[in-house]
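On a predicted model such as this, the values are computed, not experimentally measured, just so you know. Per chain, numbering begins at 1; letters A, B, ... match sequence-line order.
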2 protein chains.
Amino acid sequence: MTVTVAADERLIRIGEVARGAGVSVRAVRYYEQQGLLIAERSPSGQRLYRQDAIPLVRFFQQMFAAGLTSRRISELLPCWDSGHTDAEQRAMLRAERERLQSKIDDLQAALDHLDEVIAITDTHP
Amino acid sequence: MTVTVAADERLIRIGEVARGAGVSVRAVRYYEQQGLLIAERSPSGQRLYRQDAIPLVRFFQQMFAAGLTSRRISELLPCWDSGHTDAEQRAMLRAERERLQSKIDDLQAALDHLDEVIAITDTHP
DNA sequence: CTTGCCTCTGACGCCAGCGTCAGGTTTTAG
DNA sequence: CTAAAACCTGACGCTGGCGTCAGAGGCAAG
């Protein structure tokens, strides 16, 4: 008979989350305001997070870099928060995937273009 | 003895540039304001462009998508306008290339992450 | 001439993701 | 105990690439 050990329940405050994820404290508060990140509160009102808030914030950054808005992200959060996803959400996921893929293609084209320019200016000073 | 024929000197107006490049008229005016695009003027004050303004505007769009600001682009324009480039400009070109490359890498990582999520939500409805 | 489309110059608006300042409470280190 | 560091809630500011409205002039066609 084993006891259910809640795997490290130590809660951390906002500064630690921010440093851990490499963003500002202001940014973390903003994410909460946008409904991306829910925090418990200490009796005195300070935000308390679980450690997995750090990779979550990193994930947000990744999605922002991918051009998703906080609204979009919040709409898609249930997809990995809970296990259940409806057809609409999966369609949104795929749509965002397509957008991202074509964006990468565009950037690759821009990179190629830039490389051409570099090659010319190097061999042709 | 041949005569130097200025290869199709027909000038076009701003609307044609905009339609040709797939941007708004307002955008083209904005590029001029930012020093990206210089236009001649008709006696009545209308902007007149050469045809190569169209691929140029497309190029701007590509660079914007790559995250370059109009200021950066204007600083780098001499690199392919004239043939001459100094060491500083080539360094800037390379720096932007690096930024762009790492940005593409980030986006690729985001795409991979998104694909994971899609795989999970598909096999695990 | 006039109709209708194109162009012009300002100048304000917008959006997203924060930065930043103000003014106050809480936690921690010595 | 006290000072410093960290946290809190507003609320305004900023940036960039345009959108958009206002009011006025230019230009080919019928």
Side-chain angles (χ1 to χ4, degrees), chain A residues 10-49 53-54 56-77 96 99 103 106-107 110, chain B residues 10-49 53-54 56-77 96 99 103 106-107 110:
Chain A
R10 190 173 56 93
L11 297 177
I12 59 185
R13 294 188 302 170
I14 196 171
E16 194 166 347
V17 174
R19 278 191 307 276
V23 303
S24 69
V25 168
R26 175 68 174 93
V28 179
R29 289 201 193 102
Y30 175 74
Y31 301 155
E32 176 172 334
Q33 200 177 353
Q34 302 305 306
L36 298 181
L37 205 54
I38 313 135
E40 292 180 50
R41 295 300 183 120
S42 78
S44 66
Q46 301 206 341
R47 294 172 178 84
L48 296 177
Y49 302 87
I54 292 179
L56 192 52
V57 167
R58 286 216 184 91
F59 178 67
F60 294 157
Q61 289 291 110
Q62 227 177 20
M63 291 301 127
F64 286 145
L68 302 203
T69 65
S70 49
R71 170 159 295 278
R72 246 326 181 240
I73 298 175
S74 76
E75 287 167 354
L76 293 175
L77 264 183
E96 292 298 344
R99 277 188 4 85
K103 187 169 183 175
D106 287 355
L107 291 199
Chain B
R10 190 174 55 92
L11 297 177
I12 58 184
R13 294 188 302 170
I14 195 170
E16 194 167 345
V17 174
R19 280 191 307 276
V23 304
S24 69
V25 168
R26 175 69 174 90
V28 179
R29 288 200 194 102
Y30 175 74
Y31 302 156
E32 176 173 333
Q33 200 179 351
Q34 301 305 305
L36 297 182
L37 205 54
I38 311 137
E40 292 180 50
R41 294 302 183 117
S42 78
S44 66
Q46 301 203 344
R47 292 171 178 86
L48 297 177
Y49 303 87
I54 294 180
L56 192 53
V57 166
R58 285 216 187 91
F59 177 67
F60 294 157
Q61 288 290 111
Q62 223 177 23
M63 291 302 128
F64 287 146
L68 302 203
T69 65
S70 49
R71 170 159 295 281
R72 252 316 185 246
I73 298 175
S74 75
E75 288 167 353
L76 293 175
L77 265 183
E96 291 299 343
R99 277 187 4 84
K103 188 169 182 174
D106 287 354
L107 291 198

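- If you take CZ of B:Arg72 and C1' of D:dG16, they are 15 Å apart, rounded to a whole angstrom.
- A search for salt bridge (Lys or Arg N to Asp or Glu O under 4.0 Å) contacts involving A:Arg99 returns A:Glu96, not counting sequence neighbours.
- Rounded to whole angstrom, the span from the CZ atom of A:Arg71 across to the C1' atom of C:dA16 amounts to 12 Å.
- Residues that satisfy the salt bridge (Lys or Arg N to Asp or Glu O under 4.0 Å) test with A:Arg58, not counting sequence neighbours, are absent from this structure.
- Residue A:Tyr31 has no polar side-chain atom (N or O) positioned under 4.0 Å from OP1 or OP2 of C:dG17.
- Whole-Å rounding puts the A:Ile12 CD1 to C:dT27 C1' distance at 17 Å.
- At a threshold of 4.0 angstrom between heavy atoms, the contacts of A:Phe60 with the nucleic acid are absent.
- Nucleic acid contact for A:Ser24: sugar-phosphate only, since backbone atoms but no base atoms lie under 4.0 Å from a heavy atom of the residue.
- Put simply, CD on B:Gln61 is 13 Å from C1' on D:dG16, counting in whole angstrom units.
- Across every non-hydrogen atom of B:Val25 and B:Gly15, the tightest pair is CG2-CA, 4.2 Å.
- Residue B:Leu36 is classed as having no contact, given no heavy-atom separation below 4.0 Å to the nucleic acid.
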Which pairs would a plain distance check flag for residues 37-45 of chain A, meaning a side-chain donor or acceptor within less than 3.5 Å of a matching protein atom at least two apart in sequence or in another chain?
from	atom 1	to	atom 2	distance (Å)
A:Arg41	NH1	A:Gly45	O	2.8
A:Arg41	NH2	A:Glu32	OE2	3.1
A:Ser42	OG	A:Ser44	N	3.3
A:Ser42	OG	A:Ser44	OG	3.1
A:Ser42	OG	A:Gly45	N	3.4
A:Ser42	OG	A:Gln46	N	3.1

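- Shortest non-hydrogen contact noted between A:Ala110 and B:Ala66 is CB-CB, 4.1 Å.
- Listed here is the closest heavy atom pair of A:Val57 and A:Ala21: CG1-CB, 3.5 Å.
- Residues A:Glu16 and A:Ile54 come closest through the heavy atom pair O-CD1, 4.0 Å.
- Screening residues 11-31 of chain A for ring pair (Phe, Tyr, Trp, His ring centres under 6.0 Å) gives A:Tyr31-A:Phe60, A:Tyr31-A:Phe64 as the qualifying pairs, with residues at least two apart or on separate chains.
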Under 3.5 Å between N/O atoms: give me all the protein pairs with nucleotides 10-13 of chain C, atom names plus distance.
none

**Study point:** Under 4.0 Å protein heavy-atom contacts per nucleotide of nucleotides 3-9 of chain D, with B for base, S for backbone only and - for none
**Key:** ---SSBB
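- A sub-4.0 Å separation between OP1 or OP2 of D:dG26 and a side-chain N or O of B:Ser42 is absent.
- Atom P of nucleotide C:dT20 and atom OH of A:Tyr30 are separated by 17 Å, given to the nearest angstrom.
- Note that the CG atom of A:Leu77 and the CZ atom of A:Arg72 stand 13.0 Å from one another [nearest 0.5 Å].
- Here the C1' atom of nucleotide C:dG17 and the CD atom of A:Gln33 are 11 Å apart, to the nearest Å.
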